[in-house]
Asker: 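Structure provided below as structure tokens; questions to follow.
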Amino acid sequence: MKQVVVHPERCVGCMQCQVACAVAHSEAKQLVPAQFESPRPRPRIHVGAGPYNEGFPNRCRHCDPAPCLLACLPGAITRVAETATVMINVDTCINCASCAMACPFGVIRYHEDRSAQAGKTVAVKCDNCLARQREDGIPACVEACLSAALTFETLDAAYKRQTDAVARSVSAVAAAEALAPGWALLNAHKKARLELLTSPAPSDEKRAAGNAREDTHVRHD
Amino acid sequence: MQYVIIGNGIAGVNAAEAIRRMDPNGRIVMIGDEAFPPYCRPMISMVLEGSVPLAKLPIRQASFYDDCKIEPILGNRVTELDVDAGRVDVNGKHVAYDKLLIASGADPRPIRAEGLELGNIVYMRTEAHVRRMLDALDGGARRALVLGGGLVGFKAAYGLMCRGLAVTMLIRSGYPLSMQVDAFAGGMILDTLTAHGLDVRVDIAAEVFEGKDTVEAARLSDGSRLDCDLVVIGKGVLPALDFVPRDRIEVDLGLVVDPFLQTSAPNVFAAGDAAESIDVARQARWVNAIWPEAAAQGKVAGINMAGRTVPYERSLSRNVIRIFDLDVMTAGVVDPQVITGAEVITRFDPATRHYRQLVFQEDRLVGMTLVNAIEQGGVLMALIQNRIPVAGRRERLLAPGFNYRALA
């Protein structure tokens with residue numbers, strides 16, 4: 001069974017996965033008409049930023065055992081063993097946010113969704129694009145990702161690649177060519193740029209917090 | 001192997017299921033005071049407010065006991081526990097155990113006042129209690145008095161306001177949920193509730209209830225008289241441990257358990273609202289009488305009872321509440337005074353009404369209070385629960401959206 005594997009070090013933060021995810025969960029399945037749907041389709045993958053603005057694709061890990069499943073008050077969260085997918089039953093969900101408190105990755109959002117009854121706010125998260133997979137497709141986020149930060153493969157294959165990387169790392173010569181230089185260069189560039197931008201004046205310190213957009217109303221007690 | 005589980009709340013249910021998965025043939029006897037199918041206790045407040053129908057309360061099929069090959073003894077409480085003989089008494093019968101789980105939960109803390117025998121004066125703890133409240137609503141109750149501003153009193157008041165009743169709430173602290181949230185968040189909650197019509201009175205107790213059959217008025221400690229046709233008592237809970245021999249098992253507020261949820265008596269385990277384990281944030285013994293704790297502890301207790309040794313060292317007080325347009329999530333230490341060396345950072349954005357208070361002790365996050373933008377609060381909670389050292393700029397954690405990469 002193939003699963004989505006996330007490689008955060010390769011993410012360039014283009015957010016195309018978010019767009020693809022929202023479209024994949026729309027009625028029309030096409031970008032332009034999807035924007036006019038109500039409720040408006042929203043992504044279930046969320047690209048955040050690291051301290052140097054490097055991308056971080058944050059997505060449900062479909063944990064086993066899943067903390068959200070154990071915490072769900074009405075028992076709306078279940079595990080589909082065949083696809084290793086943790087699913088939320090929107091009809092049973094009562095929007096209590098107990099899963100928000102349980103999820104260590106912060107990947108669950110609360111809003112209306114086309115899968116739920118109109119006007120009802122429900123917990124929404126990644127469903128591994130089971131509908132696309134049933135039609136021999138792959139998850140939309142993986143299809144959209146051009147930097148291979150998201151891959152769809154068996155966990156065995158992913159583990160083997162990691163094991164190989166560790167094995168190569170014992171040889172200095174082999175390790176040098178092991179990891180793709182492009183992303184490291186890009187991240188080093190982002191880091192250097194931010195440090196240049198932010199180092200001189202302490203008042204500019206705020207700009208260093210790339211993802212802290214709400215700094216305008218800080219209250220320190 | 002004969003397992004006996006006292007209590008059919010979520011701790012008992014999860015323990016029974018864990019045992020059954022690991023030991024298909026052991027005998028499991030489950031003793032429960034409530035005969036209703038296993039249900040979700042926190043959801044009774046949603047039944048009261050009308051957002052969830054009563055029929056949605058059960059979290060297991062009515063056939064749960066048969067499905068797990070459990071022998072239920074329902075409708076009675078355990079009267080005695082003999083740890084030397086290895087048996088409990090219920091309804092005049094002896095039930096022997098090899099492994100015992102005490103998941104007897106907690107009972108509402110009683111209050112002292114005259115006239116408590118009148119109708120329409122209820123606690124809010126069980127599905128039976130909420131049924132009585134719904135009956136009172138059907139009977140035309142219009143004015144409610146809620147005693148206590150803790151979680152139960154607060155949820156009762158909110159539920160009754162949603163039902164259109166005029167509600168007066170008597171609390172001891174200056175704002176509701178003083179054990180769960182800091183003063184600033186408490187003020188936001190209080191403002192929201194009063195804006196929706198809640199009448200809050202501080203430092204006043206009810207002394208006498210008057211009425212013919214059902215309650216009609218309450219006389220308060222300041223001498224005033226308040227008309228009311230429904231009274232809800234929500235003054236917290238106490239572990240239900242009347243049957244426990246305190247000279248044989250160590251009991252503090254709850255049953256003191258080790259990391260494997262074993263009590264000081266051999267083969268006796270405890271989980272849920274009746275158990276007292278080490279709280280991660282406080283690093284001290286604490287009874288965290290909340291649903292997610294009971295669910296997790298029950299599961300781990302069951303695994304340990306079935307013979308596999310698994311520690312549980314994640315106990316943490318926490319809550320998430322949605323009322324009107326406010327979402328509140330809180331965990332760990334909210335009052336920095338209770339620990340030494342606490343450092344507090346806060347942020348309030350008046351435009352979005354997002355508020356965060358984070359409490360640190362050395363390099364660890366030990367407490368949080370979030371108002372609105374709570375979606376990713378679980379990340380903070382995981383930092384507290386796993387005692388992850390927080391490097392870098394702590395202020396980053398005050399942003400509504402962040403991820404582990406931002407902590408690097």
Side-chain angles (χ1 to χ4, degrees), chain A residues 8-9 11 46-59 65 67-76 91-111 120-121 123-125 205-206 208-221, chain B residues 14 40-43 46 51-52 56-60 184 291-292 295-296 299 318-322 327-331 344-352 354-355 357 373-383 385-386 392-393 395-408:
Chain A
E9 71 283 1
C11 178
H46 313 277
V47 178
Y52 304 111
N53 275 349
E54 66 277 40
F56 182 84
N58 199 14
R59 174 185 180 282
C68 59
L69 195 157
L70 193 63
C72 180
L73 293 186
D91 296 323
T92 314
C93 173
I94 56 169
N95 184 35
C96 65
S98 289
C99 48
M101 192 162 69
C103 176
F105 304 109
V107 294
I108 308 171
R109 296 292 180 274
Y110 303 84
H111 49 75
K120 185 184 178 188
T121 299
V124 180
K125 67 164 196 70
E205 198 192 359
K206 283 175 195 163
N211 58 335
R213 293 186 201 89
E214 307 212 355
D215 268 340
T216 38
H217 303 285
V218 181
R219 193 186 67 127
H220 289 286
D221 283 358
Chain B
N14 277 358
C40 181
R41 200 178 296 287
M43 275 166 61
M46 294 155 197
S51 66
V52 169
K56 258 192 158 186
L57 276 186
I59 44 162
R60 295 293 184 276
F184 190 88
W291 168 270
K299 193 175 173 187
R318 55 195 188 272
N319 253 292
V320 57
I321 304 152
R322 294 187 192 268
D327 296 332
V328 181
M329 191 187 289
T330 158
V344 181
I345 56 174
T346 61
R347 175 185 292 178
F348 175 61
D349 181 343
T352 57
H354 292 176
Y355 170 72
Q357 183 210 53
I374 61 165
E375 288 87 348
Q376 300 194 61
V379 183
L380 293 172
M381 217 201 68
L383 293 179
Q385 210 167 20
N386 297 308
R393 293 182 55 225
E395 286 72 19
R396 273 201 193 102
L397 302 186
L398 290 170
F402 61 91
N403 52 65
Y404 286 111
R405 197 161 208 195
L407 293 173

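Throughout, protein chains are lettered first and strands after them, A, B, ... in sequence-line order, and every chain is numbered starting at 1.
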Asker: Between B:Ala331 and chain A, which part of the residue has a heavy atom less than 4.5 Å away: side chain, backbone, both or neither?
Answerer: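 For B:Ala331, there is no contact with chain A at all, as no heavy atom is under 4.5 Å.
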Asker: Side chain from CB out, backbone as N, CA, C, O: work out which of these in B:Ile374 comes under 4.5 Å of a heavy atom of chain A, or both, or neither.
Answerer: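 For B:Ile374, backbone and side chain are both near chain A.
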Asker: Checking heavy atoms, do the side chain of A:Ile94, its backbone, both or neither come under 4.5 Å from chain B?
Answerer: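 For A:Ile94, side-chain heavy atoms alone lie under 4.5 Å from chain B.
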Asker: Got a second to check how far A:Met101's CE is from B:Gln376's CD, nearest 0.5 Å?
Answerer: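 It is 16.0 Å, given to the nearest 0.5 Å.
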Asker: Chain A heavy atoms under 4.5 Å from B:Val52: which part of the residue, side chain, backbone, both or neither?
Answerer: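 Just the side chain, heavy atoms under 4.5 Å.
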Asker: Measure B:Arg322 against the heavy atoms of chain A and call it side chain, backbone, both or neither at under 4.5 Å.
Answerer: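 The side chain, not the backbone.
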Asker: Relative to chain B, which of A:Pro67, A:Gly75, A:Pro74 shows the most heavy atom pairs under 4.5 Å?
Answerer: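 Heavy-atom pair counts peak at A:Pro74.
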Asker: Return the minimal non-hydrogen interatomic distance between A:Pro65 and B:Lys299, and the atom names on each side.
Answerer: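 Closest pair (atom of A:Pro65, atom of B:Lys299, distance): CB-NZ, 4.2 Å.
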Asker: Taking C-beta and beyond as the side chain, do B:Met381 and A:Pro104 meet within less than 4.5 Å on heavy atoms?
Answerer: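 In short, these two side chains do not touch, never coming nearer than 4.5 Å.
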Asker: Could you give the distance from CG (A:Leu70) to CG (B:Asn14), rounded to the nearest 0.5 Å?
Answerer: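 Reported value, rounded in 0.5 Å steps: 6.0 Å.
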Asker: What part of A:Cys68 lies closer than 4.5 angstrom to a heavy atom of chain B: side chain, backbone, both or neither?
Answerer: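 A:Cys68 has no heavy atom closer than 4.5 Å to chain B.
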Asker: Rounded to the nearest 0.5 Å, how far does OG of A:Ser98 lie from CD1 of B:Ile321?
Answerer: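 It is 10.5 Å, given to the nearest 0.5 Å.
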Asker: Between B:Met46 and A:Leu73, is any pair of side-chain heavy atoms under 4.5 Å apart?
Answerer: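 Heavy-atom side-chain distance check passes, below 4.5 Å.
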Asker: Heavy-atom pairs under 4.5 Å with chain B - which of A:Gly55, A:Ala102, A:Cys72 has more of them than the others?
Answerer: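 So the answer, after comparing A:Gly55, A:Ala102, A:Cys72, is A:Gly55.
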